[in-house]
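Heads up: the structure comes next, in structure tokens.
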Amino acid sequence: MKPAITYELLHEDKNTGARRGVVHTPHGDIQTPIFMPVGTQATVKSITPEELKEEIKAQIILSNTYHLYLRPGDKLVKEAGGLHKFMNWDRPILTDCGGFQVFSLSDLRTISEDGVEFKSHLDGSKHFFSPEKVMEIEENLGADIIMAFDECCPYPSTYEYTKQSMERTTRWAIRCKEAHKNTEKQGLFGIIQGGFYEDLRKQSLEDLVKLDFPGYAIGGISVGEPKEEFLKVLKYTAPLMPKDKPRYLMGVGTPDYLIESAIAGIDMCDCVLPTRIARNGTAFTSKGKVVVRNATYERDWGPLDDECDCYTCKNYTRAYIRHLVKTNEILGVRLLSMHNLRFLTKLMERVRIEIENDNLLNFKEEFYKKYGYTN
RNA sequence: GGGUCUUUGGGUGAGUGGUUAAAACCGCCAGACUGUAAAUCUGGUCUCUUCGGAGUUCCCUGGUUCGAAUCCAGGAGGGCCCA
């Protein structure tokens, strides 16, 4: 029986750990390294699936177990024919497991060996997520790639806490694997934890690799740590991940983090940042972040980014977008979201080419210089 | 012409003798945002400042008081009623 998710390595960059590959899924292939837009509530906020495909050129998107379980309910999504049909997206989908909500809703939950009790952020009602429950929900949602239930530790956390949390996450991963039945249509990824401790990361990775998941993720970074800390964990963890499986770094990120991740040998990243900062009036550009809401762009008749090929940059000025943002018009949100998403998918298209040409390191230098990153 | 009510910072609008440079909201100016409790959140928004403070404010003028945006008198603008 063919597994739902397989990885094909096409080329390795000669100067870095970067890999150019393809992830095969039941809803088609994704070219890696890739940036995956986040659509928490079965929608990438303000963007239609058609725009995601045609303008943004997204190959896969994320959605979220916790949020869809609460609303509209995973059973309803199943009744609709699954997430793909429900939201009219026929390309691959990855569902996150709710482990990030264990982190971000920390005031509203309690963790035990068996699972996590949440008080809904919507109405205060109590809900219990066990690894088995999460698998049931994710099977009902029907994404191509589903994530094992984990705990994402805050930064900083003590060694002791991180260790026992990581070990519990591994035990939960075992239970997820046992509970996951729909292995022909869904690939279950294990999530490496261990915080900012090298030996814990290694331990987590080793234990999960023994379980032979079709893919592995690094979780628990990009949680507010300084960049050096992020890079350290990335650099000692990613190279140890299996070469024949997709490697997913959760919650990243900014353009520099995406490039660093690719260099470290990561295949997949996701982040809410492009759509969130769009809603807050900011654009990624090849010359750095532009807070287009600011007064200095009041009479800026140029595009957000003169090197960008997106719908927004082809048609609208900074001055107009600033006006839309200032007047709280929804088109402003949409135009900025389209641009930011396209900026990152295009960045990764370029990263793929540079890997093929063994030139990623030079590209990074060039990109950093123009963007204004110091490192 | 008479009576009556009213006038606060860019706007709306609290405040009726003393921690009031003056609530709140809006606007404006910035900052943050990384597996989305986020079209959100935080800070600033009279003037000057060596960031410790200093100075000048609540339509205008004069007064009462130790002390006034707050009380009194007159004036100016606005609303309503009567002629």
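Just the heavy atoms: all of them, side chains too, but no hydrogens, waters or symmetry mates, feed the values below. No experiment lies behind these values; they were computed from the predicted model shown. Every chain is numbered from 1, with letters handed out A, B, ... down the list of sequences.
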Next on the checklist: Considering every strand and a 4.0 Å limit on heavy-atom distances, what is the contact class for A/Leu62: base, sugar-phosphate, or nothing?
Outcome noted: sugar-phosphate
Checklist entry - Between A/Gly219 and A/Val333, who's closer to the 5' end of RNA chain B by nearest nucleotide? => result A/Gly219
Next on the checklist: Distance check, P atoms only: B/U12 and B/G67, in whole angstrom units.
Outcome noted: 33 Å
Item to check | Salt-bridge contact A/Asp199-A/Lys202 (side-chain N to carboxylate O under 4.0 Å) | outcome: no
Checklist entry - Would you say the base of B/G35 and the side-chain of A/Asp150 have a donor-acceptor pair closer than 3.5 Å? => result yes
Checklist outcome for this item: Applying the 3.5 Å cut-off to both distances, the Watson-Crick or G-U partner of B/U64 turns out to be none
Checklist entry - Expressed in whole Å, how much space separates the P atoms belonging to B/G27 and B/C81? => result 36 Å
Checklist entry - Counting just side-chain N and O atoms, does A/Gln101 come under 4.0 Å of either OP1 or OP2 of B/U36? => result yes
Checklist entry - Which nucleotide, in any strand shown, forms a Watson-Crick or G-U wobble pair with B/C33, with both distances under 3.5 Å? => result none
Next on the checklist: Under 4.0 Å, counting only non-hydrogen atoms across every strand here, what does A/Leu108 touch: a base, just sugar-phosphate, or nothing?
Outcome noted: base
Next on the checklist: Can you measure A/His323 atom NE2 to B/A39 atom P for me and round it to whole angstrom units?
Outcome noted: 21 Å
Checklist entry - Syn or anti: how is B/G52 classified when any glycosidic angle within 90° of 0 counts as syn? => result syn
Item to check | Between A/Asp123 and A/Ser125: side-chain donor-acceptor atoms closer than 3.5 Å | outcome: yes
Checklist entry - So, are A/Asp114 and A/Arg175 salt-bridged, with charged N and O less than 4.0 Å apart? => result yes
Checklist entry - Which base, if any, makes a Watson-Crick or G-U wobble pair with B/A39, both distances under 3.5 Å? => result none
Checklist entry - Out of A/Glu356, A/His11, A/Glu12, which residue meets the side-chain hydrogen bond (donor to acceptor under 3.5 Å, both in side chains) rule with A/Arg20? => result A/Glu356
Next on the checklist: Just to be sure I understand the rule, does A/Glu225 reach a base, reach only the sugar-phosphate, or reach nothing, if contact means heavy atoms closer than 4.0 Å?
Outcome noted: nothing
Checklist entry - Centroid-to-centroid, A/Tyr69 to A/Phe129, below 6.0 Å? => result yes
Checklist outcome for this item: Side-chain contact check for A/Val38: nearest option of B/G35, B/A39, B/U34 is B/G35
Checklist entry - Taking atom P in both B/C25 and B/G44, what distance in whole Å separates the two? => result 13 Å
Checklist outcome for this item: Rounded to whole Å, the CD1-P distance (A/Ile47 to B/U36) equals 17 Å
Checklist entry - Roughly, in whole Å, what's the span from CD in A/Glu228 to P in B/U34? => result 17 Å
Item to check | A/Arg299 charged N/C atom sitting above A/Trp301 aromatic ring, 6.0 Å / 45° | outcome: no
Checklist entry - Whole Å only: how far is the OH atom of A/Tyr155 from the C1' atom of B/U34? => result 15 Å
Next on the checklist: Say we look at B/U34 and B/U19: how far apart would their P atoms be, to the nearest angstrom?
Outcome noted: 42 Å
Item to check | C1'-based separation of B/A21 from B/A54 [nearest Å] | outcome: 13 Å
Checklist entry - Nucleotide by nucleotide, 5' to 3', does protein get under 4.0 Å of the base (B), only the sugar-phosphate (S), or neither (-) in nucleotides 25-33 of chain B, counting heavy atoms? => result ---SSBBBB
Item to check | Any A/Ser222 side-chain N or O less than 4.0 Å from OP1/OP2 of B/U34 | outcome: no
Next on the checklist: What's the gap between B/U57 and B/U45 when it is taken at their C1' atoms, as a whole Å value?
Outcome noted: 16 Å
Checklist entry - Which part of the nucleic acid, if any, lies within reach of A/Cys97 when heavy atoms closer than 4.0 Å are counted: base, sugar-phosphate only, or nothing? => result base
Next on the checklist: Heavy atoms only, 4.0 Å cut-off, all strands: where does A/Ile330 land among base, sugar-phosphate and nothing?
Outcome noted: base
Checklist entry - Between the main-chain N or O of A/Lys14 and the side-chain N or O of A/Asp358, is there a donor-acceptor pair closer than 3.5 Å? => result yes
Next on the checklist: Could you work out, with side chain to side chain contact (heavy atoms under 4.5 Å, CB included) as the rule, every residue matching A/Pro26, not counting sequence neighbours?
Outcome noted: A/Ala4, A/Ile5, A/Asp144
Next on the checklist: What's the gap between B/G9 and B/C59 when it is taken at their C1' atoms, as a whole Å value?
Outcome noted: 14 Å
Next on the checklist: Under 4.0 Å, counting only non-hydrogen atoms across every strand here, what does A/Leu94 touch: a base, just sugar-phosphate, or nothing?
Outcome noted: nothing
Checklist entry - Rounding to a whole Å, what distance do you find between A/Asp267:CG and B/G35:P? => result 19 Å
Checklist entry - Rounding to a whole Å, what distance do you find between A/Phe35:CZ and B/U34:P? => result 13 Å
Checklist entry - Rounded to whole angstroms, how far apart are CG on A/Leu68 and P on B/U36? => result 11 Å
Item to check | A/Asn64 side-chain N/O to B/G35 phosphate OP1/OP2 under 4.0 Å | outcome: no
Item to check | Intermediate values then yes/no, salt bridge (charged side-chain N to carboxylate O under 4.0 Å, His left out), A/Glu354 and A/Lys364 | outcome: CA-CA 9 Å; A/Glu354 300 297 355; A/Lys364 174 194 156 178; over 6 Å; no
Checklist entry - Whole-Å distance between B/A37 P and A/Lys119 NZ? => result 17 Å
Next on the checklist: Applying side chain to side chain donor-acceptor pair (under 3.5 Å), can you list everything that pairs with A/Tyr155, at least two apart in sequence or on another chain?
Outcome noted: none
Checklist entry - What about A/Ser104: does its side chain form a donor-acceptor pair under 3.5 Å with the base of B/U36? => result no
Checklist entry - If we call it a pair only when both distances are under 3.5 Å in a Watson-Crick or G-U wobble match, what pairs with B/G17? => result none
Checklist entry - With rounding to whole Å, what would you report as the distance between B/C26 and B/G13 at their C1' atoms? => result 11 Å
Checklist outcome for this item: pair_partner(B/C25), Watson-Crick or wobble, both distances < 3.5 Å, evaluates to B/G11
